[in-house]
There are 2 protein chains.
Amino acid sequence: MSATTPETPTKLQLLELLAAIGTAQWRDFAAAASHHGLTSTQAKVLAQLGGPLPMRALATLLVCDASNVTGIVDRLEARGLVRREPDPTDRRVKNVVATDQGRDVIRRVREEMQATHGALDTLGADDSATLYALLARLRPGMEKDA
Amino acid sequence: MSATTPETPTKLQLLELLAAIGTAQWRDFAAAASHHGLTSTQAKVLAQLGGPLPMRALATLLVCDASNVTGIVDRLEARGLVRREPDPTDRRVKNVVATDQGRDVIRRVREEMQATHGALDTLGADDSATLYALLARLRPGMEKDA
DNA sequence: CTCGATAGTTGAGGAGGTCAAGTAAACAAT
DNA sequence: ATTGTTTACTTGACCTCCTCAACTATCGAG
């Protein structure tokens with residue numbers, strides 16, 4: 001009942017905490033994106049565009065249907081944040097590229113995730129390293145598909 | 001460039017890792033929900049219903065407009081997973097309550113988050129406690145609103 | 001060259017989301 | 001007590017996200 005020391009937290013407690021952190025980070029991201037007139041999905045797509053990416057690759061990354069990407073990229077393109085370029089080696093594929101404006105916007109969104117940045121700043125170097133190591137061990141298992 | 005030891009990870013690396021874990025967990029949750037014919041939003045609502053909750057409280061928890069909750073609860077109610085009950089002390093409010101079937105479904109969804117459970121199982125008691133303590137320190141800062 | 005796979009789009013339709021407007025009930029307020 | 005303000009919820013219009021099925025264009029193998 002009380003806020004006792006978590007000697008050995010139950011898996012359920014850990015799960016709940018992980019979910020709460022994930023939710024909070026997502027809200028932070030969505031809020032920052034919204035300040036720049038973007039939905040969280042649009043921002044997520046923009047965040048993937050380090051370089052040119054075919055529509056299909058984008059759909060794979062987002063784990064969604066290809067037809068969905070068409071609409072999202074349509075709207076990003078209408079705002080001038082992204083361009084569709086023909087692929088020189090395969091005339092079927094269209095590579096999506098972030099424009100200068102697009103790169104600028106997503107950079108600012110990342111910078112403006114204040115809650116997340118603030119929370120991470122409360123951790124010292126040692127704690128950061130420990131957390132990083134633990135999460136890195138968790139990651140491969142989490143990304144395995146059923 | 002290579003996968004070097006993360007002596008002191010940069011904040012950006014930590015941020016990226018945290019985002020990846022959050023995304024993976026969310027996908028796991030959505031997949032489990034989908035096995036039971038639920039969207040992730042519906043499952044999320046069901047997960048909040050430990051006890052009766054007014055529509056308004058639900059909207060606050062989900063950080064969304066109240067009119068949105070109307071539709072979500074409509075669909076849950078149509079499947080018999082949830083009931084709207086009049087509040088005895090305030091005739092304006094309708095308390096949302098999970099039915100037996102609703103409780104059952106959300107319990108199974110939680111159990112079926114295999115990727116997440118599997119990943120957490122790779123951690124020993126000590127590591128779990130350490131991770132829990134670190135995340136618990138992060139949480140309050142993350143949930144602060146800008 | 002033809003056949004089968006792949007990349008992308010379109011259209012239909014559902015779910016999630018917002019905003020504006022409306023109804024009903026609670027709460028003041030002297 | 002009646003008048004006015006606030007609160008809880010719903011409805012309707014409208015957008016984005018998302019899936020599925022169907023279509024076009026291109027690629028690649030035999």
Side-chain angles (χ1 to χ4, degrees), chain A residues 23 26-27 29-49 52-79 81-97 105 109, chain B residues 23 26-27 29-31 33-49 52-79 81-97 109:
Chain A
T23 301
W26 180 255
R27 271 217 299 272
F29 179 68
S34 151
H35 288 158
H36 294 276
L38 293 178
T39 66
S40 32
T41 302
Q42 288 165 351
K44 195 173 173 180
V45 166
L46 219 39
Q48 308 285 336
L49 293 178
L53 267 188
M55 302 287 286
R56 190 67 240 289
L58 225 29
T60 301
L61 283 172
L62 303 184
V63 195
C64 74
D65 194 90
S67 66
N68 192 14
V69 177
T70 297
I72 299 169
V73 170
D74 277 352
R75 290 179 283 269
L76 282 172
E77 200 171 27
R79 289 169 190 243
L81 303 176
V82 123
R83 251 192 338 265
R84 269 183 251 235
E85 294 185 344
D87 187 289
T89 77
D90 186 336
R91 276 184 300 177
R92 289 173 303 178
V93 358
K94 293 175 188 171
N95 288 301
V96 184
V97 192
V105 166
V109 167
Chain B
T23 301
W26 180 254
R27 271 217 300 270
F29 180 68
S34 151
H35 287 157
H36 294 276
L38 294 177
T39 66
S40 31
T41 302
Q42 288 166 350
K44 196 173 172 181
V45 165
L46 219 39
Q48 308 286 337
L49 292 178
L53 267 187
M55 303 286 286
R56 189 69 240 287
L58 225 30
T60 302
L61 282 172
L62 302 184
V63 196
C64 74
D65 194 90
S67 67
N68 192 13
V69 178
T70 297
I72 299 168
V73 170
D74 278 352
R75 289 181 282 269
L76 282 172
E77 200 170 29
R79 289 169 188 245
L81 303 176
V82 123
R83 252 192 337 265
R84 269 182 252 235
E85 294 185 345
D87 188 289
T89 76
D90 186 336
R91 276 183 300 176
R92 290 172 301 178
V93 357
K94 293 176 189 170
N95 288 302
V96 184
V97 191
V109 167

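So that the names make sense, note that chain A is the first sequence line, chain B the second, and so on, each numbered from 1. Everything numeric in this text was worked out from a predicted model, so none of it was measured.
A sub-4.0 Å separation between OP1 or OP2 of C:dT9 and a side-chain N or O of A:T70 is present. Of the side-chain N and O atoms in A:R91, one or more sit less than 4.0 angstrom from OP1 or OP2 of D:dC27. A:R92 has no side-chain polar atom (N or O) that falls below the 4.0 Å cut-off from OP1 or OP2 of C:dT9.
At whole-Å resolution of the value, CD in B:E85 and P in D:dA8 are 19 Å apart. Here D:dC9 presents its C1' atom at 15 Å from CG of B:L62, a figure rounded to the nearest Å. One atom, CG of B:D65, and another, P of D:dC15, lie 17 Å apart when rounded to the nearest Å. Rounding to whole angstrom units, CG of residue A:L81 and P of D:dT16 are separated by 14 Å. Atom CG of B:D74 and atom P of C:dG14 are 15 Å apart (whole Å). Counting to the nearest Å, the C1' atom of D:dC17 and the CH2 atom of B:W26 are 14 Å from each other. Remark: C1' of C:dG8 and CD of A:E77 are 13 Å apart, rounded to the nearest angstrom. Counting to the nearest Å, the P atom of D:dC14 and the CG atom of B:N68 are 18 Å from each other.
In this structure, B:R79 contributes its side chain and B:G37 its backbone to a donor-acceptor pair below 3.5 Å. B:R27 contributes no side-chain N or O that, together with a main-chain N or O of A:V63, makes up a donor-acceptor pair within less than 3.5 Å.
Side-chain proximity of B:R84 to the nucleotides D:dT10, C:dG8, D:dT16 is greatest for D:dT10.
Contact annotation: side chain of A:S67 to base of D:dC18, donor-acceptor pair absent below 3.5 Å.
Within the 4.5 Å cutoff, the side chain of A:V73 has no heavy atoms near those of the A:K94 side chain. Within the 4.5 Å cutoff, the side chain of B:L58 has heavy atoms near those of the B:Q48 side chain.
No option in A:V97, A:V96, A:L76 other than A:V96 meets the side chain to side chain contact (heavy atoms under 4.5 Å, CB included) test with A:L49. With B:L53 as the fixed residue, the side chain to side chain contact (heavy atoms under 4.5 Å, CB included) test singles out one of B:N95, B:T60, B:L61, B:V69: B:L61.
Of the residues in residues 36-49 of chain A, not one places a heavy atom less than 4.0 Å from an atom of DNA chain C.
Listed by chain and residue number, nothing satisfies the salt bridge (Lys or Arg N to Asp or Glu O under 4.0 Å) test with A:D87 (two or more places apart in sequence, or in another chain).
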